[in-house]
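What follows is a single structure, written as structure tokens, with notes after it.
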Amino acid sequence: MQQGLNPPQREAIRYLDGPLLVLAGAGSGKTRVITEKIAYLIGECGMQPAHVTAITFTNKAAREMKERVAKRVGERAGEVNISTFHALGAKFLRMEAQAVGLKPGFSILDASDTAALFQEMLKDADKSRVKWIQQRISLWKNALLGPEDVSPADDLEAGAARVYAEYERTLKAYQAVDFDDLIMKPVQLLERDEEVARRWRTRIWHLLVDEYQDTNRCQNRLMRLLTGERAAFTAVGDDDQSIYAWRGADVDNLRQLAADYPRLKVIKLEQNYRSTTRILKAANSVIRHNPKLFEKRLWSDKGHGDPIRVMACRDDQHEAEWVVTRLMAHKFETRGHWRDYAILYRGNHQARLFEQQLRAHKVPYVLSGGQSFFDRSEIKDVVSYLRLLANPDDDPAFIRAATTPKRGIGGTTLEALGHAAGRRHIGLFAAIFAPGLELEIKAPQLALLREFGGFVNRMAWRAQKEPAGQVLDDLLKAIGYEAWLFESMDARDAEARWANVREFVGWLSAKGEEEKKNLLELAQTVALITMLDKRDENVDAVQLATLHAAKGLEFRHVFLVGVEEGSLPHRESIEAGNVEEERRLMYVGITRAQMSLNISWCMRRKQGKEIVERAASRFIAEMGDDIKHEGAVPSAPTFADKAAEKAAGNARLASFKALLKQSP
DNA sequence: GCAGATTGGATTTTT
DNA sequence: TCCAATCTGC
């Protein structure tokens with residue numbers, strides 16, 4: 001049944017005596033362990049599929065896991081709860097809405113929605129300040145601090161705390177939550193309501209958490225609350241691949257886990273099924289320079305493999321030419337496929353020269369990342385209608401829907417409506433039908449508002465009974481969205497946008513039929529989902545990706561480019577004393593490669609107008625000496641560099657410790 | 001005074 | 001590439 005598993009993998013799958021932490025090195029088959037464990041729990045231990053819950057970070061990972069579990073478990077796989085942290089939180093809140101003071105139709109605001117909200121609240125503050133405040137509030141939420149729990153350290157924080165209070169009031173009025181709330185609110189409820197906690201714990205006999213090193217404090221807390229005393233969980237992670245600290249992920253959760261659960265069993269997966277020995281040696285050698293809690297050494301039986309090359313390039317242009325030339329030569333020599341190659345870099349902008357070069361040689365490529373489908377304005381337009389149908393208190397959705405397409409409702413009217421709503425302490429939509437409104441808004445405007453209000457009500461009514469696709473089609477027809485697109489922009493642009501809308505509608509209605517959900521129910525999940533993009537995998541093209549985006553992926557041949565002081569490690573991270581995370585980024589980059597690894601750096605690089613001198617990254621020297629240097633051998637980092645890194649690291653540790661003392 | 005064009009500059013990104 | 005800030009022309 002569990003063929004081809006190595007002993008630690010098998011142990012991780014069978015271990016059920018208490019909390020388990022699986023330290024899964026890069027390429028050590030961790031997804032396999034999770035899916036096999038789910039199969040084991042159901043097949044061998046007789047657990048009901050519905051009693052198994054697995055949590056991932058991204059929709060993509062959740063989808064992959066579902067597919068693999070389906071292959072392994074068969075038809076009942078659908079009953080296993082596999083979702084992202086946020087989807088689980090959303091499900092929790094829909095079920096417990098009343099207890100947290102929400103209506104079940106509440107809206108979920110995405111990053112751009114909340115950014116707009118903050119911008120609106122802080123009209124005359126500059127962008128960087130708004131960003132700072134928003135980040136601060138998010139940090140507070142992750143630390144489970146409400147506006148009244150915050151003890152501001154200075155005036156800036158005091159200001160942020162006031163904004164926080166107003167922000168919370170606004171969300172409440174809109175019956176909306178943000179992404180942080182999806183974790184924080186369930187945690188708060190589980191902590192104060194033992195009955196709810198007990199109910200959820202009986203539904204989860206075993207909890208599996210993927211990418212545990214990426215959890216923030218709040219997510220970690222949620223995991224503990226959901227498992228309770230029994231602590232029947234399997235956390236899988238790799239501290240060496242923790243590259244999201246800047247986003248709130250707390251690697252220290254790993255250490256805490258060992259401290260909080262004395263019974264915690266730790267199993268290390270060190271056999272790597274991906275890369276050659278040379279590549280793993282270089283990776284081990286680099287990561288050894290970070291202080292370690294759990295020592296881990298990857299090995300494989302794939303043989304030495306090709307030598308690792310480090311190319312010192314004259315300048316960035318030369319680098320792009322060298323990489324693409326070498327890539328093409330290699331591809332034709334080995335008769336491989338374009339999809340076997342990846343070019344990985346630190347920042348998005350670094351892709352540019354490589355794109356140019358690839359295009360010049362007619363090499364097909366795909367760029368990972370970019371703006372998400374759901375961030376497109378035409379999709380947001382449609383989604384605003386959905387949100388409004390599901391949640392009439394959602395004022396931002398109301399404003400967007402009421403004014404798109406233009407139907408004669410403008411700023412002045414909305415402002416008057418806003419005043420009327422404010423005085424009555426109700427939402428904009430509800431205010432439309434408030435008695436006495438004719439004294440505040442002139443008849444023609446009021447007629448327009450009421451017409452729109454009636455339309456929304458009719459659609460919301462139909463949305464409950466008719467198929468989602470049907471209602472959505474009719475809605476778009478009724479508002480004349482297609483015609484409006486063609487009126488307000490040139491035909492090519494409008495064409496593209498309308499195609500996106502069609503795709504979205506098609507996808508939503510298919511989902512509605514598949515999951516037997518009506519439009520209102522679909523509207524509730526739409527903020528959290530991403531459509532399956534078909535351009536993935538099967539395309540034969542060179543992959544261009546940032547190191548962050550490449551995590552979890554593997555490629556036969558990797559070109560790691562721009563490996564210079566200032567880029568990797570990034571200048572800002574060096575200044576912040578955060579070289580360790582950059583080193584992990586390097587580690588992630590190296591371990592993406594299966595067969596060959598090419599590293600390049602530039603002695604000179606164009607930066608804006610000027611040309612700047614650059615030095616090879618310290619990480620190159622840290623890779624050891626089983627390396628074939630081309631161009632020039634980079635000089636080892638000076639003693640001063642190392643001392644500076646150490647000093648910065650110590651300073652960070654000290655401030656971290658101080659912080660720990662402050663907050664219990 | 002404002003909209004559209006141009007130029008310049010760039011950590012990393014998901015939910 | 002994409003986004004934001006600044007510039008230019010009406």
Side-chain angles (χ1 to χ4, degrees), chain A residues 55-63 83-91 93 107-115 119 126-128 130-131 135 138 141-142 177-184 186 210-211 214-216 218-219 222 241-249 316 344-356 358-359 365-376 489 525-531 544-552 562 564-576 578-579 581-586 588-589 605-610 612:
Chain A
I55 308 180
T56 63
F57 267 84
T58 62
N59 287 308
K60 194 175 161 214
R63 206 153 49 215
S83 69
T84 63
F85 260 106
H86 296 269
L88 179 73
K91 189 176 165 192
L93 290 182
S107 304
I108 298 167
L109 303 188
D110 68 20
S112 59
D113 296 326
T114 52
Q119 199 56 244
D126 64 277
K127 282 236 155 70
S128 63
V130 174
K131 226 175 167 180
Q135 263 169 16
S138 178
K141 285 196 174 194
N142 283 323
V177 298
D178 62 21
F179 284 136
D180 292 326
D181 289 334
L182 291 175
I183 314 295
M184 180 195 183
D210 191 17
E211 306 278 16
D214 287 340
T215 54
N216 62 33
C218 216
Q219 289 162 332
L222 182 60
Q241 291 187 72
S242 160
I243 53 175
Y244 285 109
W246 53 275
R247 210 167 71 180
D316 42 2
L344 308 180
Y345 37 79
R346 177 70 233 261
N348 277 310
H349 63 279
Q350 291 175 283
R352 223 188 93 207
L353 281 174
F354 295 94
E355 278 188 89
Q356 268 173 20
L358 289 164
R359 235 172 313 168
Y365 67 90
V366 281
L367 202 63
S368 84
Q371 81 296 11
S372 121
F373 189 82
F374 286 84
D375 263 348
R376 291 168 199 268
M489 62 195 69
T525 53
V526 88
L528 289 177
I529 46 182
T530 43
M531 296 198 308
L544 295 185
T546 64
L547 287 166
H548 283 91
K551 194 179 124 188
E564 296 143 31
E565 286 293 302
S567 276
L568 183 65
H570 195 274
R571 186 177 51 82
E572 307 230 359
S573 295
I574 299 174
E575 282 163 12
N578 214 354
V579 176
E581 181 150 314
E582 299 288 307
R583 188 173 280 115
R584 292 192 289 265
L585 216 36
M586 179 76 179
V588 166
R605 181 178 286 280
K606 214 162 137 199
Q607 206 169 57
K609 275 183 199 160
E610 49 206 322
V612 293

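A, B, ... follow the sequence lines: proteins, then strands. Residue 1 opens every chain. Please read these numbers as outputs of a predicted model, since none were measured by experiment.
The side chain of A:Thr546 places an N or O atom within less than 4.0 Å of a non-bridging phosphate oxygen (OP1 or OP2) of B:dT13. For the pair A:Asn59 and B:dT14, the criterion of a side-chain N or O lying under 4.0 Å from OP1 or OP2 is not met. Taking side-chain N and O atoms only, A:Asn578 has no distance below 4.0 Å to OP1 or OP2 of B:dT12.
With sequence neighbours excluded, no residue forms a salt bridge (charged side-chain N to carboxylate O under 4.0 Å, His left out) with A:Arg352. Legend: residues meeting side chain to side chain donor-acceptor pair (under 3.5 Å) with A:Thr546, ordered by chain and number and at least two apart, are absent. Taking A:Asp110 as the reference, A:Lys380 meet the salt bridge (charged side-chain N to carboxylate O under 4.0 Å, His left out) condition, with sequence neighbours excluded.
Between A:Glu581 atom CD and B:dT11 atom C1' there is a gap of 11 Å when expressed in whole angstrom units. Remark: P of B:dT14 and CD1 of A:Ile243 are 11 Å apart, rounded to the nearest angstrom. In this entry the distance linking CG of A:Asn216 with C1' of B:dT13 reads 14 Å, nearest Å. Rounded to a whole Å, the CZ atom of A:Phe85 is 14 Å from the P atom of B:dT15. If you measure from atom CG of A:Asp181 to atom C1' of B:dT15, you get 13 Å, rounded to the nearest angstrom. Note: CG (A:Leu585) to C1' (B:dT13) measures 12 Å, nearest angstrom. The interatomic distance linking A:Ile574 (CD1) with B:dT12 (P) rounds to 16 Å, in whole Å. As rounded to whole Å, 8 Å separates atom P of B:dT13 from atom CZ of A:Arg346.
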Could you go step by step and tell me if A:Ile574 and A:Glu582 meet the side chain to side chain contact (heavy atoms under 4.5 Å, CB included) rule? CA-CA 9 Å; A:Ile574 299 174; A:Glu582 299 288 307; over 6 Å; no
Between A:Arg571 and A:Glu565, does the side chain to side chain contact (heavy atoms under 4.5 Å, CB included) criterion hold? Intermediate values first, please. CA-CA 7 Å; A:Arg571 186 177 51 82; A:Glu565 286 293 302; over 6 Å; no
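In this structure, the side chains of A:Trp246 and A:Glu572 stay at 4.5 Å or more apart for every pair of heavy atoms. At a threshold of 4.5 Å between non-hydrogen side-chain atoms, the residues A:Ile243 and A:Leu547 do not count as touching. The shortest distance between side-chain heavy atoms of A:Met184 and A:Asn142 does not fall below 4.5 Å. In this structure, A:Leu353 and A:Gln356 have side chains that are in contact, with non-hydrogen atoms separated by less than 4.5 Å.
Within the 4.0 angstrom heavy-atom criterion, only backbone atoms of the sugar-phosphate kind lie near A:Phe57; the bases stay farther away. Within the nucleic acid shown, A:Ala351 has no heavy atom closer than 4.0 Å to any nucleic acid atom.
In this structure, of B:dT11, B:dT15, B:dT13, it is B:dT13 that holds the atom nearest to the side chain of A:Ala549. Considering only side-chain atoms of A:Glu572, the nucleotide from B:dT15, B:dT11, B:dT13 that sits closest is B:dT11. The side chain of A:His548 sits closest to B:dT13 out of B:dT15, B:dT11, B:dT13. Ranking C:dT1, B:dT15, B:dT11 by closeness to the A:Glu582 side chain, first place goes to B:dT11.
Between the CZ atom in A:Arg605 and the CD atom in A:Glu564 there is a gap of 4.0 Å [rounded to 0.5 Å]. A:Leu544 contributes atom CG, which lies 4.5 Å from atom OH of A:Tyr345 (distance to the nearest 0.5 angstrom). Atom NZ of A:Lys551 sits about 10.0 Å away from atom CG of A:Leu585, to the nearest 0.5 Å.
The same atom, C1', is picked in C:dT6 and in B:dT11; the two are 24 Å apart, to the nearest Å. When the P atom is compared between B:dT13 and C:dA4, the two are found 16 Å apart, to the nearest whole Å.
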Distances for protein N or O near nucleotides 4-6 of chain C N or O, under 3.5 Å:
none

Any protein N or O atoms within reach of nucleotides 6-10 of chain B? Criterion: under 3.5 Å, listing atom names and distances.
none

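Stem list for DNA chain B (at least 3 consecutive Watson-Crick or G-U pairs, distances under 3.5 Å): B:1-10 with C:1-10.
Stacking annotation: A:Trp246 is stacked on the base of B:dT12 (ring centroids less than 5.5 angstrom apart, interplanar angle below 30 degrees).
Of all non-hydrogen atoms in A:Pro186 and A:Asp181, the two that sit nearest each other are CD-O, 3.4 Å.
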